[in-house]
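Worksheet: one structure, shown below.
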Amino acid sequence: MTFKDKVVAITGAAGGIGQSLCRLFLDEGAKIAAIDKKASLEGLAADLNADAKHFAHAVADISDPHEVERAFASLTGALGPIDILVNNAGGSAHRTLACTDPAGWRQNIEGNLDSAYYCARAVIPGMLARRSGVIINIGSVNGLSALGDPAYSAAKAAMISLTRSLAQEYGPYGVRANIVLPGTVRTPLARSTARPPPPCLWRRGAT
Ligand SMILES: NC(=O)c1ccc[n+]([C@@H]2O[C@H](COP(=O)([O-])OP(=O)(O)OC[C@H]3O[C@@H](n4cnc5c(N)ncnc54)[C@H](O)[C@@H]3O)[C@@H](O)[C@H]2O)c1
């Protein structure tokens, strides 16, 4: 019961790692504020056998700052202020630079990096007021090495810098920020990126 009654916001809660995080924190006594863009999030409380005192959810696309504001307003209304934010949502759909067009590049940066910034921005004022809070970003080994998925990797590399800035700026006020860089974890995301990339080639004049 290390986290008894702590309110833990978990983004990407309907995904592989997200569901495991929900289970782990629930087992440790926390209250879960779950966010995901997938409608399947609606069934997660029942899957986890969690009651309304310990679990609230918001279906939202967190690459949209307005949706982030709406989601956190509803979740804090249900469970109280957020003690811990786990920025876990993310993914990649562009395996090589040749397969990445400007829209795809933006999608990766918005979905993996901007979304984490928006969620941090939503919880920091409350954490500062209480002089207490934790932000955990889920990065990737892709942020350190050239492992393919270049737009995703650039976003994950930038998350390391974002984490340092959060820690530097808000650490003195009791708000800690850390990043975890997982290698391969067998989830739907890992299975989709394990397939060979499509044979995209640079084309003259391609966008
Ligand atoms: N699985 C791995 O091998 C691996 C390795 C390194 C890092 N990671 C990171 O771990 C995190 C979780 O990955 P996973 O393997 O559980 O993937 P997953 O695809 O199973 O889950 C990701 C979840 O995030 C949600 N999501 C994505 N973009 C969103 C958005 N804009 N708004 C709301 N929800 C959004 C998806 O709907 C999905 O449910 C990701 O940040 C990923 O980059 C995973």
Side-chain angles (χ1 to χ4, degrees), residues 8-25 32-45 47-48 55-75 82 84-95 100 103-123 135-163 166 177-195 197:
V8 183
I10 299 172
T11 69
I17 293 175
Q19 289 192 32
S20 296
L21 287 170
C22 291
R23 228 172 250 120
L24 178 109
F25 280 112
I32 306 297
I35 306 173
D36 205 291
K37 64 182 176 186
K38 281 189 200 154
S40 62
L41 185 66
E42 311 267 359
L44 190 55
D47 293 348
L48 297 171
F55 189 96
H57 73 271
V59 176
D61 179 346
I62 57 167
S63 60
D64 176 340
H66 302 296
E67 289 207 25
V68 171
E69 275 178 34
R70 182 183 54 74
F72 278 93
S74 131
L75 291 168
I82 307 296
I84 299 168
L85 165 67
V86 186
N87 268 322
N88 165 68
S92 170
H94 299 85
R95 301 290 312 284
T100 309
W105 179 271
R106 271 198 310 281
Q107 186 196 332
N108 276 281
I109 301 298
E110 288 171 1
N112 289 289
L113 175 65
D114 296 0
S115 56
Y117 160 69
Y118 298 146
C119 292
R121 192 169 178 273
V123 300
I135 297 173
I136 301 160
N137 291 327
I138 306 296
S140 167
V141 287
N142 280 57
L144 295 177
S145 311
L147 296 168
D149 300 271
Y152 167 84
S153 301
K156 291 296 190 182
M159 259 183 130
I160 298 173
S161 175
L162 170 65
T163 309
L166 289 167
N178 287 284
I179 188 163
V180 180
L181 307 179
T184 301
V185 183
R186 291 186 194 285
T187 65
L189 173 66
R191 280 191 283 278
S192 72
T193 55
R195 287 193 289 273

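Counting starts at 1 for both ligands and their atoms, following the listed order. What you are looking at is a predicted structure, and each value in this text was computed from that prediction instead of being measured.
To the nearest 0.5 Å, atoms OG1 (T11) and CG (N137) are separated by 9.0 Å.
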Table please: side-chain donor-acceptor pairs of residues 143-158 below 3.5 Å, with sequence neighbours left out.
residue : atom : partner : partner atom : Å
D149    : OD1  : S92     : OG           : 2.5
S153    : OG   : N142    : ND2          : 3.2
S153    : OG   : G148    : O            : 2.9
S153    : OG   : D149    : O            : 2.8
K156    : NZ   : I138    : O            : 2.8

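Residues in residues 107-116 take part in no salt bridge (charged side-chain N to carboxylate O under 4.0 Å, His left out) pair, two or more places apart or across chains.
Residues passing the side chain to side chain donor-acceptor pair (under 3.5 Å) test with D61 are S63, sequence neighbours excluded.
Here the closest non-hydrogen pair linking N88 and G12 is ND2-O, 3.3 Å.
At least one donor-acceptor pair under 3.5 Å links the side chain of N112 to the backbone N or O of G91.
For ligand 1, residues of the protein lying within 4.0 angstrom by heavy-atom distance are G12, A14, G15, G16, I17, D36, K37, K38, A60, D61, I62, S63, N88, A89, G90, I138, G139, S140, Y152, K156, P182, G183, T184, V185, T187, P188, L189, A190.
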